2 protein chains.
Amino acid sequence: MNTDMDRKRPKTYHHGDLRNALIQAGLEMLSESGAAALDLRKVARKAGVSHAAPYRHFADKQSLIAAINEEGFHRLAEQIQSTLREVTGDAVEQLYGIARAYVHFAQENPWLMREMFSGLTIEREAFPGLHQASKTVFMLYMEVIKRGQEQGSIIDVDPGALAGVLWSLLHGVAMLTIEHQMRPYTDGPGGADNVTRFAVQMLYEGLSHK
Amino acid sequence: MNTDMDRKRPKTYHHGDLRNALIQAGLEMLSESGAAALDLRKVARKAGVSHAAPYRHFADKQSLIAAINEEGFHRLAEQIQSTLREVTGDAVEQLYGIARAYVHFAQENPWLMREMFSGLTIEREAFPGLHQASKTVFMLYMEVIKRGQEQGSIIDVDPGALAGVLWSLLHGVAMLTIEHQMRPYTDGPGGADNVTRFAVQMLYEGLSHK
DNA sequence: ACCTGAACACCGTTCAAGT
DNA sequence: ACCTGAACACCGTTCAAGT
């Protein structure tokens, strides 16, 4: 992200890409100090500009947060895709893989994850790009479902609906885990992984007797 | 909540139970105008006291929000218990009932639900009462699971772990629904109910072939 | 076009003073 | 014991002025 543009320009004023620098700075502050520390003036200072400069690139604070969240969805999608590239073949194995990827992402980026899905700080409706980015994640889940159906390992039901169920389960596990609501099950190393695997297994096999 | 204490006292200063009045006022502002509108000065004004008065009852704004969230968990637990009283007998039917109750509560109290689980605005660790209140909800789910196991309709696995899976699924459905992330499935009247029923059915029957 | 510095309104929090 | 009113620090946002 920090290209050599910084040096090329004889420090006219500042960045070549302040917009991106602000998103980057916000992302860092979020992961380091939490949502309360994400104030516009500090983000600007961290990016090396005055507190009014961000308004050249974002209409308001909400817009910056929306951009940060969008970047979050892109990263989440990348992490899931990376897992899909590693785990090829068996769709059910892929299911476990992307489940782990989702919960891992939440554990590694709890503040970002909270912002991405909170609906508390920004009006999601006002930022269509956000919705688009989250849809990508949904699509990845649906692809795996479809592959499982083709392979005969997943029942033949509307794959979109099934993807919704899968996503809901994983989202619940992820959020309740980072809010420490699943203790003591998620305690200890690998605890969250075990809970995730168990959850997916239960969804796959069902709670009823076979 | 508004007892006759208000009238008995010759308006010395104000309330007999300002603490409760503040929680009540906050709850109303939250559901009417959202999280952004929940500022301490306005809550105080709504309760009829000066902006400094709340500090006699709450250490800071976070503490008031924690109290509001706790009340939220109590109400959620009540709603679930009410459903359990209506739907007696078959544990699997109860499962569907409490699932619907959870998602309904989220739909009727989206802002409260977001606050209750966000982890964005308050440090949950600092408020043990909150954790206790949320545990009650978990316990209700576990009871139903246990009953299902006794009736032979649910497999014999650690009921706590199963309750965690069930809660995760429902929490995911609830949150993704109120953030409009499950569209178009949740659109229209009864849409969310259908999604919820479908999700529980999938968990019960499993995604694999029988 | 992009950024700065001053200015404004508003909110969380504190504290001395009132009954 | 409970509440008020003034005061303070800080943040989001705006705007005229600078290059």
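By convention in this document, chain letters (A, B, ...) are assigned in the order of the sequence lines, proteins followed by strands, and residues within each chain are numbered from 1. Please read all numbers here as calculations on a predicted model, not as lab measurements.
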(request) Sort out for me which residue in B/Glu71, B/Glu78, B/Gln79 forms a side-chain hydrogen bond (donor to acceptor under 3.5 Å, both in side chains) with B/Arg75. (result)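 The option that passes is B/Glu71.
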(message) Let's go through A/Arg100 and A/Glu108 carefully: what are the C-alpha distance in whole Å and the side-chain angles of both, what is the deciding distance for salt bridge (charged side-chain N to carboxylate O under 4.0 Å, His left out) to 0.1 Å, and is it a yes or a no?
(response) CA-CA 12 Å; A/Arg100 222 178 35 238; A/Glu108 284 158 24; over 6 Å; no
How many whole angstroms separate atom [atom1] of [X] from atom [atom2] of [N]?
X	N	atom1	atom2	answer
A/Leu40	D/dG12	CG	P	5 Å
B/Asp17	D/dC2	CG	P	11 Å
A/Asn20	C/dC2	CG	P	14 Å
A/Leu64	D/dC11	CG	P	15 Å
A/Leu22	C/dC2	CG	C1'	13 Å
B/Arg45	D/dG5	CZ	P	13 Å

(message) Using modelled atom types and a 3.5 Å cut-off, is there a donor and acceptor pairing between side-chain atoms of B/Asn194 and backbone atoms of B/Gly190?
(response) yes
(message) Dot-bracket for DNA chain D, please. Rules: Watson-Crick or G-U, both distances under 3.5 Å, ( ) within the strand, [ ] when a pair crosses earlier ones, | for another strand, . otherwise.
(response) ||.|||||...|||||.||
(request) Would you jot down, in residue-number order, the residues of residues 55-63 of chain A having a non-hydrogen atom under 4.0 Å from DNA chain C? (result)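 Heavy-atom cutoff 4.0 Å gives A/Arg56, A/His57.
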(message) Give me the atom names and distance for the closest heavy-atom approach of B/Gln94 to B/Val87.
(response) NE2-O, 2.8 Å
What's the closest nucleotide to the side chain of [X] if the choices are [options]?
X	options	result
A/Ala52	D/dT14, D/dT4, C/dT13	D/dT14
A/Arg41	D/dC11, D/dA6, C/dG12	D/dC11
B/His51	D/dT4, C/dT4, D/dA6	D/dA6
A/Leu18	C/dA7, C/dG12, C/dC3	C/dC3

(request) Take the angle between the ring planes of B/His171 and B/Tyr102 and call it parallel below 30°, perpendicular above 60°, tilted in between. (result)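 B/His171 and B/Tyr102: perpendicular rings.
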(message) Whether the A/Glu115 and A/Thr121 side chains hold a donor-acceptor pair (N or O, under 3.5 Å, no angle test) is what I'd like checked.
(response) yes
(message) Measuring centre to centre across the rings, with the benzene-like ring taken for any Trp, is B/Phe73 within less than 6.0 Å of B/Phe117?
(response)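 When the ring centroids of B/Phe73 and B/Phe117 are compared, they turn out to be within the sub-6.0 Å range.
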(request) Could you check B/Glu125 against A/Arg183 for salt bridge (charged side-chain N to carboxylate O under 4.0 Å, His left out), going step by step and ending with a plain yes or no? (result) CA-CA 13 Å; B/Glu125 308 296 313; A/Arg183 281 180 180 161; 3.7 Å; yes
(request) State whether the number of non-hydrogen atoms from other residues, nucleotides or ligands found under 6.0 Å of A/Glu28 atom CD is greater than 12. (result)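 Atom CD in A/Glu28 is crowded, with more than 12 foreign heavy atoms closer than 6.0 Å.
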